[in-house]
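Each chain gets a letter, A, B and so on, in the order its sequence line appears, and its residues count up from 1.
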Number of protein chains: 2
Amino acid sequence: MSEARQRAAKADPAADEAIYQSITRAIMDGRLRAGTKLVEQTLAEAFGVSRERIRKVLHRLGAERRIEIVPNRGSRVPSPTPEEIRAVYEAHRVLEAGVLVQLGQMLNDEILARLDAHLVEERDAAARGDRAASVRLSGAFHTHLVDALGNEELSRFLRDLLSRSSVMVSVYEPATQSVCAVDEHGAIVEALRARDVPRAIDLSRHHFRHVEQRLRLDPVPAPPADLRALFGPAQG
Amino acid sequence: MSEARQRAAKADPAADEAIYQSITRAIMDGRLRAGTKLVEQTLAEAFGVSRERIRKVLHRLGAERRIEIVPNRGSRVPSPTPEEIRAVYEAHRVLEAGVLVQLGQMLNDEILARLDAHLVEERDAAARGDRAASVRLSGAFHTHLVDALGNEELSRFLRDLLSRSSVMVSVYEPATQSVCAVDEHGAIVEALRARDVPRAIDLSRHHFRHVEQRLRLDPVPAPPADLRALFGPAQG
DNA sequence: ATGGCAATAAATGTGCACATTATTCGCCGA
DNA sequence: TCGGCGAATAATGTGCACATTTATTGCCAT
């Protein structure tokens with residue numbers, strides 16, 4: 001029962017999750033631009049399910065702050081202000097500083113090996129000129145840092161932050177998604193390997209500053225999206 | 001419109017929020033013990049609203065991880081494992097390390113003054129022997145640290161963590177809620193004042209270790225709760 | 001023209017009835 | 001007596017119809 005949703009006649013236990021994932025990905029990929037209104041009836045028709053099901057998913061997305069819901073006025077993809085963007089990046093920076101402190105305490109060869117392996121991948125993608133892979137791996141570096149702690153709470157928080165910042169990137173940096181310089185990543189790992197936590201933190205700070213500086217200050221207008229075309233039976 | 005919900009006949013725009021707050025507080029205050037089943041019909045009768053309204057609130061609470069929802073099997077107050085508890089405390093510790101790093105950068109007299117004022121309050125409550133105030137102020141210290149950064153994302157994350165740990169305290173430390181030693185709080189502020197961030201972080205680490213060590217390792221069984229008595233018309 | 005205003009359309013919110021799934025209880029046989 | 005099995009009960013899940021609110025359109029008077 002992989003994708004046989006053709007009509008989705010009655011009850012599919014995992015349908016909610018599929019719709020949730022579908023909308024989430026559309027937002028994170030930038031296919032759903034900031035400000036896009038998410039009309040329940042339209043989404044229901046696009047996914048071929050009842051409106052109640054869509055409502056439930058939208059409210060979940062709202063509780064997770066992935067979309068904005070105004071009572072009686074519907075749901076939309078958030079249009080973050082520059083100040084909110086700054087706050088998300090700052091939060092990531094502050095979190096990573098704490099993560100580096102903790103990593104300095106519990107660092108071992110296995111963790112270092114995994115980080116090294118990631119850097120190899122990242123450099124390889126850059127060498128190949130594979131921009132898509134570079135973007136993905138560049139973000140994954142920070143995920144790896146947090147995941148190395150093995151703390152579900154922290155990993156989840158970072159994922160939330162990243163999902164928010166992805167929307168922001170689509171608003172303020174439409175053409176080229178930001179790619180962290182792999183050298184900066186490597187330098188952070190080297191500082192960790194030397195157990196020089198203050199230096200690692202300092203590198204991380206400058207690293208984030210670079211990323212932030214790359215953002216434009218004026219938002220780019222988003223063209224209206226066709227929900228049916230995005231989520232219709234042909235697509236996913 | 002304070003508490004005139006006597007019957008709550010038709011539609012109250014803020015009813016959802018009131019119910020949400022009511023359940024949230026009951027969990028955080030420990031009146032709803034870990035493992036308690038939250039039956040929709042029962043809650044609906046207790047609050048005097050329809051079951052749909054309760055469902056919506058429960059799903060919101062579930063999305064925020066304040067309760068556990070298993071499909072087709074209902075909702076309950078989480079019963080965290082020792083491992084999950086450890087993760088929450090560790091997350092708080094890691095976050096606070098990052099916060100201290102950032103505070104070391106943006107510290108000013110106003111922030112220091114606010115922290116000093118809080119320490120005065122805290123010492124005062126301890127001197128009075130006001131245990132309730134001590135518990136509250138002791139937790140508030142850490143909230144103040146994060147709030148000093150003025151970052152909504154970080155403040156929200158800490159609030160989430162604290163709301164989770166409150167449940168844990170009720171499971172693993174029933175009688176005496178943990179009170180941070182005010183001396184330890186004061187020492188952290190002093191380290192900050194001296195711009196000695198590594199020392200502040202170290203103090204924070206040991207501080208959390210003390211708190212964690214105070215937790216019992218074996219959970220305390222929770223008596224079943226009467227939802228109608230807790231949320232009935234007489235109460236809130 | 002234009003600004004306000006009313007009628008219409010569209011979208012969201014809600015209660016209810018019924019379906020589906022879990023749990024409990026009682027029965028029967030070994 | 002105990003273990004399994006099935007009916008009865010209880011709780012959750014879902015679609016639908018209708019209410020309420022908001023947005024849009026068209027009209028009229030100035």
Q: Using a 4.0 Å cut-off on protein heavy atoms (strictly under), produce a 5'-to-3' string for nucleotides 17-24 of chain D with B for base contact, S for backbone-only sugar-phosphate contact, and - for none.
A: ----SSS-
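For the pair A:His59 NE2 and C:dT12 C1', the computed distance is 9 Å after rounding to whole Å. Spacing between atom CZ of A:Arg53 and atom C1' of D:dC16 amounts to 14 Å, rounded to whole angstrom units. Protein atom CG of B:Asp16 is 17 Å distant from nucleotide atom P of C:dT12, rounded to whole Å. Atom pair A:Leu38:CG and C:dA10:P shows a separation of 19 Å (rounding to whole Å applied). In this structure, B:Arg76 atom CZ and D:dA11 atom C1' are separated by 13 Å, rounded to whole Å. A straight line from CD1 of A:Ile69 to C1' of C:dA11 spans 14 Å, rounded to a whole angstrom. If you take CD of A:Glu40 and P of D:dC16, they are 15 Å apart, rounded to a whole angstrom.
Distances shown here put a side-chain N or O of A:Arg55 below 4.0 Å from the OP1 or OP2 atom of C:dG13. For C:dT14, the OP1/OP2 oxygens have a side-chain nitrogen or oxygen of B:Lys56 closer than 4.0 Å.
At least one donor-acceptor pair under 3.5 Å links the side chain of A:Thr36 to the backbone N or O of A:Arg33. Of the possible donor and acceptor atoms, none in the side chain of B:Gln105 sits under 3.5 Å from a partner among the backbone N and O of B:Gln102. A donor-acceptor pair under 3.5 Å is absent between the side-chain atoms of B:Asp29 and the main chain of B:Arg31, judged by distance alone.
The two atoms that bring A:Ala148 and A:Met106 nearest to each other are O-CE, 3.9 Å, heavy atoms only.
Here the CZ-NZ distance, from B:Arg55 to A:Lys56, works out to 7.0 Å after rounding to the nearest 0.5 Å. Once rounded to the nearest 0.5 Å, the distance linking CD1 of A:Ile19 with CG of A:Leu43 reads 9.0 Å.
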